[in-house]
Novice: 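Have a look at this one before I ask anything.
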Amino acid sequence: MSPRRRPGSNFRDSMRERIGGLLRDRPGAGKSRNRVRYNPRNRLFLVGGVLGLCSLALVARAFTLQVVNADFYRRQGDERILREIEIPTSRGMITDRNGEPLAVSTPVESVWGNPQELLKAPERIPELAAVLGVPADGLTRKLTQRADREFMYLKRRINPDQARAILSHNIPGVYSQREFRRFYPQGEALAHVLGFTNIDDRGQEGLELAFDEWLRGTPGSKRVIRDSRGRIVENVELIEAAQPGHELTLTIDRRIQYLTFRELRATLERTGASSGSAVVLDVATGEILAMANLPTYNPNALGGQPSDARRNRAVTDVIEPGSTMKPLTVAAALEAGAITTSTVIDTSPGWMPNGRFRTSDFRNYGVLDVTGIIRKSSNVGVSKIVHRLQDQPYYDFLHRMGYGQSTHSGFPGESAGVLTPPSRWSGTTKQTMSYGYGLSATPLQIASAYAALGNGGKLIAPTFVKGQRNDPAQVLDPRIARQVLRMMQTVTETGGTATQAAILGYHVAGKSGTARKFNSSGGYSRRYISFFAGVVPVENPRFSMVVVIDDPDPAKGYYGGLVSAPMFKTVMDGALRLMDVPPDDIETWLAAQAAEEAKRHKADGRAASVAGAGAATLAAQAAAAPEGVR
């Protein structure tokens with residue numbers, strides 16, 4: 001018999017059986033006993049295999065990049081950091097005959113930007129516009145228009161300090177590069193001769209244009225590495241070295257040039273003229289020592305200046321030469337044997353027919369010899385002389401003297417003047433040409449012809465380049481040239497028309513001239529051009545100079561001897577002393593010195609007598625004074 005169960009035991013047993021059944025029916029129940037045991041070695045092999053495959057993939061990828069596709073990726077890298085840039089070169093310096101600088105190139109900076117980079121930071125554009133000093137909307141518009149480009153100038157040829165100030169704002173896409181800017185120390189005084197360069201440093205006018213290739217030089221190039229901000233990190237290699245421009249030495253003498261320019265300005269102010277030109281030549285070499293024009297301009301600040309002021313009137317403008325033609329007409333007649341130095345001409349009654357008009361003198365000079373015709377500047381006298389000449393020989397002579405053709409100075413835009421051939425002359429053409437109407441010439445042509453008279457009849461093409469020697473052409477017999485020079489000397493002496501051109505201690509040969517200006521209606525107006533052309537000193541000619549004053553105020557005088565001759569004297573007086581040219585009129589110089597010394601002694605004597613009288617008066621006063629007062 002089984003033992004007796006306690007109360008509730010059946011219930012507990014049944015619950016245990018139910019729970020056990022549920023546990024046995026649970027998924028995976030009983031598997032824990034059959035589960036495979038953990039093996040760390042297998043896990044290690046698995047991880048190692050995965051890592052090995054990754055390493056193999058990395059090595060393969062590196063091999064592809066560095067060996068198989070190396071050239072492609074090298075090019076891609078170079079395109080991002082390697083750049084070939086230009087090495088700017090300075091323009092050659094221009095100096096005067098003594099080595100003084102007349103045009104130099106100074107380093108400047110140009111600020112540029114990358115529109116693509118700048119447009120990525122639009123919030124910085126107003127700041128950039130402020131430092132550039134331009135409207136922000138205008139700058140934004142320009143950048144937008146060039147959005148497909150990588151280069152745009154923002155501000156060119158500025159002071160390096162200004163460029164650094166702009167770059168200091170660290171605006172993305174803004175960089176700078178080195179350039180050169182032309183500077184002219186003489187400013188307005190030499191503007192017409194030198195000309196100027198444009199923003200790219202290329203010659204635009206004058207000798208800067210004529211010798212642009214010689215002065216410009218050749219830029220070089222180099223390969224560099226740049227960082228993301230465009231800064232050069234490393235210079236990789238020099239591809240081509242920069243070749244600086246060649247130096248150019250001119251025949252211009254800076255001192256004489258300034259003297260000529262200063263006196264030309266003073267003459268225009270004194271006479272109320274509208275414009276003027278002056279040229280100084282070395283007689284023996286044809287070198288141009290000075291060439292000045294007014295109005296002028298400042299080549300260092302071209303903005304807002306009229307283009308008409310940039311014209312070199314001494315080379316490009318033609319004028320009727322007036323009475324400066326008379327010595328050449330006399331020389332042609334002497335050469336042809338039509339007259340001699342002793343020939344006399346009756347100029348009465350002071351005029352002669354000239355077609356529908358008259359050829360007149362200032363007054364009736366009566367009978368004059370050839371020298372008197374030059375000294376008095378007789379239109380009637382020279383007209384009667386030219387009528388003794390045949391047309392073709394007269395034309396040929398003037399052409400030999402350089403009229404109607406370029407002087408071949410090499411200056412851009414030089415005019416050849418106008419010398420009409422005899423086939424187109426009318427009945428009075430030759431007569432009017434004898435005293436300077438009916439043909440035209442530049443001031444440089446006139447100066448060159450007068451230099452030939454001073455050089456024994458040898459015509460030398462003028463030159464601006466020191467050391468350049470042009471072959472002389474014998475255009476006139478030396479004896480005749482000397483005779484005409486002696487006749488011209490009387491013009492500056494007592495009784496001549498240009499005594500204000502006389503220079504103490506030197507014989508001056510010259511000729512004044514006054515020509516009416518041609519007007520648009522086909523006739524001549526009451527406006528004038530005043531000339532003086534001369535050679536100094538007569539005994540051993542060194543300088544030839546021409547002064548042309550256009551449209552002086554008639555109320556202040558318009559005759560060449562009154563308007564232009566004083567300027568000739570002042571400039572030549574200074575040039576003779578600057579070049580240490582010995583005087584050829586010692587007697588006059590000594591007489592003037594003696595007179596000055598006598599005047600000084602006389603003044604000293606008067607001062608001494610006054611001082612003596614004063615001392616005697618004081619002594620008498622002292623003698624008359626009481627003893628205590630003495």
Side-chain angles (χ1 to χ4, degrees), residues 253 255-264 266-267 270-271 278 280-284 289-290 327 371-372 374-377 447 450-451 453-454 482-513 530-547 549 557 559-611:
D253 188 296
R255 303 165 300 174
I256 299 177
Q257 176 70 28
Y258 177 75
L259 178 61
T260 304
F261 178 77
R262 185 191 70 187
E263 293 304 316
L264 182 61
T267 300
R270 172 174 57 86
T271 62
V280 180
L281 294 182
D282 187 301
V283 167
L289 301 175
T371 300
I374 297 294
R375 181 173 63 251
K376 296 297 184 182
S377 194
Y450 271 59
L453 292 176
R482 194 71 182 166
Q483 290 171 346
V484 174
L485 212 60
R486 291 292 184 185
M487 294 177 190
M488 291 165 56
Q489 180 180 329
T490 64
V491 172
T492 63
E493 297 175 344
T494 303
T497 59
T499 56
Q500 294 192 50
I503 301 173
L504 180 63
Y506 297 89
H507 291 300
V508 177
K511 185 69 191 73
S512 59
S530 303
F531 305 87
F532 187 85
V535 176
V536 64
V538 173
E539 295 302 328
N540 186 20
R542 180 67 186 275
F543 303 122
S544 166
M545 181 178 181
V546 170
V547 179
I549 305 299
Y559 288 108
L562 178 67
V563 172
S564 301
M567 176 182 166
F568 175 92
K569 173 188 176 178
T570 304
V571 175
M572 287 292 94
D573 192 16
L576 289 165
R577 283 157 177 74
L578 285 171
M579 294 296 197
D580 294 324
V581 179
D584 65 339
D585 188 10
I586 300 296
E587 294 79 8
T588 304
W589 185 81
L590 290 175
Q593 292 295 315
E596 188 67 26
E597 189 71 20
K599 187 186 297 183
R600 188 162 53 249
H601 282 310
K602 187 175 182 180
D604 292 343
R606 280 199 302 269
S609 63
V610 170

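Numbers here are sequence positions counted from 1. The figures here come from the full heavy-atom set of this structure, side chains too, leaving out hydrogens, waters and symmetry mates.
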Novice: Do you know which two heavy atoms are closest between Ser544 and Tyr450, and how far apart they sit?
Specialist: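 That closest heavy-atom pairing would be OG-CB, 3.7 Å.
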Novice: Listing request: all side chain to side chain donor-acceptor pair (under 3.5 Å) pairs with a residue in residues 498-508, at least two apart in sequence or in separate chains.
Specialist: Gln489-His507
Novice: Got a sec, which residues hit side chain to side chain contact (heavy atoms under 4.5 Å, CB included) with Ala575, two or more places apart in sequence or on another chain?
Specialist: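 Scan of Ala575 (side chain to side chain contact (heavy atoms under 4.5 Å, CB included), adjacent residues dropped) gives Ile256, Phe543, Met572.
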Novice: Can you see which heavy atom on Val538 is nearest to which on Leu485, and at what distance?
Specialist: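 Between these two residues, the closest heavy atoms are O-CD2, 4.1 Å.
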Novice: Residues in salt bridge (charged side-chain N to carboxylate O under 4.0 Å, His left out) with Arg262, at least two apart?
Specialist: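 Expected list: none.
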Novice: Holding to salt bridge (charged side-chain N to carboxylate O under 4.0 Å, His left out), I want the full list of residues that pass it with Glu493, two or more places apart in sequence or in another chain.
Specialist: none
Novice: Could you work out, with side chain to side chain contact (heavy atoms under 4.5 Å, CB included) as the rule, every residue matching Leu590, not counting sequence neighbours?
Specialist: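 Checked Leu590 against side chain to side chain contact (heavy atoms under 4.5 Å, CB included); matches are Ile586.
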Novice: Would you mind listing every salt bridge (charged side-chain N to carboxylate O under 4.0 Å, His left out) that reaches into residues 570-585, with sequence neighbours excluded?
Specialist: Asp573-Arg577
Novice: Taking ring-ring contact (aromatic ring centres under 6.0 Å, His included) as the definition, give me every residue that meets it alongside Phe532, ordered by chain and number, with sequence neighbours left out.
Specialist: Phe568
Novice: With sequence neighbours excluded, tell me which residues meet salt bridge (charged side-chain N to carboxylate O under 4.0 Å, His left out) with Glu597.
Specialist: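 Once residues adjacent in sequence are excluded, the partners of Glu597 under the salt bridge (charged side-chain N to carboxylate O under 4.0 Å, His left out) criterion are Arg600.
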Novice: Can you list everything that forms a side chain to side chain donor-acceptor pair (under 3.5 Å) with Glu587? Sequence neighbours excluded, please.
Specialist: none
Novice: So Met579 and Asp253, do their side chains get closer than 4.5 Å, heavy atoms only?
Specialist: yes
Novice: Can you sort out the partners of Arg270 under side chain to side chain donor-acceptor pair (under 3.5 Å), two or more places apart, ordered by chain and number?
Specialist: none
Novice: Under the side chain to side chain donor-acceptor pair (under 3.5 Å) test, which residues partner Ser530, sequence neighbours left out?
Specialist: none
Novice: Of all residues at least two apart in sequence or in a different chain, which pass the side chain to side chain donor-acceptor pair (under 3.5 Å) check with Ser512?
Specialist: Thr497
Novice: Would you indicate whether the side-chain heavy atoms of Leu259 and Glu263 approach each other to under 4.5 Å?
Specialist: yes
